[in-house]
**Student:** 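Pasting in a structure now, in structure tokens, and then I'll have a few things to ask.
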Amino acid sequence: MTRYNNKISMDLKDKIVQHYDVLSPYYKELWGIHIHHGYWKTGNETKEQAQEQLIKELISRAGIKNGARILDAGCGIGGTAIYLHKTLGAKVTGITISPNQIEMGNKLARENKAKIKLMLIDADQFNCDNNFEHEFDVIWSVEAISHFHKKANFFRSTSLLLKPGGKFVIADWFKSNFLTEKEERKYIKPIEKAMLVPRLESPASYMNYMNRAGLNVTSFEDASAKVARTWDTSSELLKNPALWKFAAARGKDFMTFLKGFAAMKMGFRSKAFMYGIIIAQKN
């Protein structure tokens with residue numbers, strides 16, 4: 001990687017840390033403890049029910065057993081880690097790049113009497129040496145890997161922590177295969193800019209990284225139609241003037257983020273942008 005690209009990488013990384021440090025408390029107020037898309041089956045679910053439904057879908061598809069050791073890469077404020085612990089008795093370690101999310105997550109765990117471990121680790125620079133004392137039954141990552149510059153390294157490093165036969169569980173943002181340059185400029189670039197994503201990749205790219213890391217992909221779903229309603233709900237939030245006032249006080253990057261809500265909706269409608277679920281198993 002060139003020095004110029006390293007500079008871009010560090011600038012974006014700083015923005016991501018600042019973004020989640022500052023906005024995580026606000027996310028909690030708006031979306032609750034699960035800072036990710038919901039998964040609607042009937043269309044009548046509340047956003048909270050839909051968010052938990054996404055977690056249940058991932059548990060079911062991966063066949064995660066009670067008492068599993070789980071590494072949650074990009075754990076946010078620990079909502080999913082707490083859920084996995086409370087429902088499965090799972091031994092969950094969560095990692096995040098945001099110090100504020102660690103603080104919020106530990107407080108949330110105490111309030112819920114949940115025994116989880118949260119660590120300040122940059123998964124994009126992941127190195128398994130000396131950080132963990134044991135292997136995991138499951139590597140879990142929801143809407144985090146798309147923010148990483150070094151995706152191949154992440155899969156290679158985390159797969160070393162996975163037991164033979166262990167499961168890799170991903171729900172993430174992707175660009176569709178075979179887009180034209182015009183489609184990428186119109187639908188994908190605005191999402192990348194607003195949502196602090198270095199480069200959206202296709203599901204095929206992820207699967208290639210996983211195969212090279214010794215992981216066998218067992219299932220994939222384009223879940224876009226089931227999760228897109230998240231942005232209808234989110235768009236309602238934009239009608240609150242206080243939100244725009246808050247964003248304006250935080251600078252142009254936060255204003256760009258709010259304007260990105262429309263880009264997400266347009267991306268889903270165009271089918272250039274997609275939400276995918278990937279389950280893999282270590283060979």
**Student:** Donor-acceptor pair, distance only, cut-off 3.5 Å: does the side chain of Asn216 make one with the backbone of Gln281?
**Tutor:** no

**Student:** Tell me whether Arg61 is salt-bridged to Glu57, with the criterion being a basic N under 4.0 Å from an acidic carboxylate O.
**Tutor:** yes

**Student:** Of all heavy-atom pairs between Ile116 and His85, which one has the smallest distance, and what is that distance?
**Tutor:** CG2-CB, 4.0 Å

**Student:** Classify the ring geometry of Trp173 against Trp231: parallel below 30°, tilted from 30° to 60°, perpendicular beyond 60°.
**Tutor:** perpendicular

**Student:** For the residue pair Tyr275 and His37, does the interplanar ring angle fall in the parallel (under 30°), tilted (30 to 60°) or perpendicular (over 60°) class?
**Tutor:** tilted

**Student:** Which pair of non-hydrogen atoms, one from Ala194 and one from Gly260, has the smallest distance, and what is that distance?
**Tutor:** CB-CA, 3.5 Å

**Student:** Does Asp232 come within less than 4.0 Å of Lys265, counting only side-chain N to carboxylate O?
**Tutor:** yes

**Student:** Just by modelled atom types, is the Tyr83 backbone N or O under 3.5 Å from a matching donor or acceptor in the Thr87 side chain?
**Tutor:** yes

**Student:** Step by step, would you call Asp222 with Ser224 a side chain to side chain donor-acceptor pair (under 3.5 Å)?
**Tutor:** CA-CA 6 Å; Asp222 176 358; Ser224 302; 2.6 Å; yes

**Student:** Quick one, Ser270 with Tyr187, criterion side-chain contact (heavy atoms from CB on, under 4.5 Å). Give me CA distance, side-chain angles, the key distance, then yes/no.
**Tutor:** CA-CA 8 Å; Ser270 70; Tyr187 300 114; 3.5 Å; yes

**Student:** Measure the shortest side-chain to side-chain distance between Ile82 and Ile33 over non-hydrogen atoms and say whether it is less than 4.5 angstrom.
**Tutor:** no

**Student:** Would you say that more than 12 heavy atoms from the other residues, nucleotides or ligands in this model lie under 6.0 Å from the CE of Met207, or not?
**Tutor:** yes

**Student:** Pairing donors with acceptors under 3.5 angstrom, does anything connect the side chains of Gln53 and Lys41?
**Tutor:** no

**Student:** Quick check: do Lys163 and Phe136 have side-chain heavy atoms less than 4.5 Å from each other?
**Tutor:** no

**Student:** Looking only at heavy atoms, which two atoms of Ile170 and Leu58 are closest? And how far apart?
**Tutor:** O-CD2, 4.5 Å

**Student:** Using side-chain heavy atoms (C-beta onward) and a distance below 4.5 Å, is Arg199 in contact with Glu201?
**Tutor:** yes

**Student:** Under 3.5 Å, is there a donor-acceptor pair between the Glu45 and Thr42 side chains?
**Tutor:** yes

**Student:** Would you please test Arg185 and Lys182 for side-chain contact (heavy atoms from CB on, under 4.5 Å) and show each step?
**Tutor:** CA-CA 5 Å; Arg185 286 196 304 271; Lys182 182 178 179 180; 3.9 Å; yes

**Student:** Looking at Ala73 and Ile95, what are the two nearest heavy atoms and their distance?
**Tutor:** CA-CG1, 3.7 Å

**Student:** Side chains of Glu221 and Lys226: does their closest heavy-atom pair fall under 4.5 Å?
**Tutor:** yes

**Student:** With Phe168 as reference, evaluate Val138, Ile279, Thr158 under the side chain to side chain contact (heavy atoms under 4.5 Å, CB included) test and give the passing residue.
**Tutor:** Thr158

**Student:** Taking all atoms of both residues into account, what is the closest heavy-atom pair of Ile64 and Ala68, and its distance?
**Tutor:** CG2-CB, 3.9 Å

**Student:** With side-chain contact (heavy atoms from CB on, under 4.5 Å) as the criterion, how do Thr96 and Leu118 come out once you've worked through the C-alpha distance, each side chain's angles and the decisive distance to 0.1 Å?
**Tutor:** CA-CA 8 Å; Thr96 175; Leu118 302 181; 5.9 Å; no

**Student:** Return the CD to CG distance between Glu192 and Leu200, rounded to the nearest 0.5 Å.
**Tutor:** 4.5 Å

**Student:** Within the 4.5 Å heavy-atom criterion, are Gln49 and Trp40 side-chain neighbours or not?
**Tutor:** no

**Student:** Could you check whether any side-chain heavy atom of Leu120 comes within less than 4.5 Å of a side-chain heavy atom of Ile97, counting everything from C-beta outward?
**Tutor:** no

**Student:** Check whether any side-chain heavy atom of Leu54 lies under 4.5 Å from a side-chain heavy atom of Ile277, and answer yes or no.
**Tutor:** yes

**Student:** Between His34 and Ile55, is there a side-chain heavy-atom distance shorter than 4.5 Å?
**Tutor:** yes

**Student:** Give a yes or no answer on whether the side chain of Asn112 reaches the backbone of Ala114 with a donor-acceptor pair at less than 3.5 Å.
**Tutor:** no

**Student:** Apply side-chain contact (heavy atoms from CB on, under 4.5 Å) to the pair Val227 and Phe268, showing each step before the final yes or no.
**Tutor:** CA-CA 10 Å; Val227 307; Phe268 274 123; 3.9 Å; yes

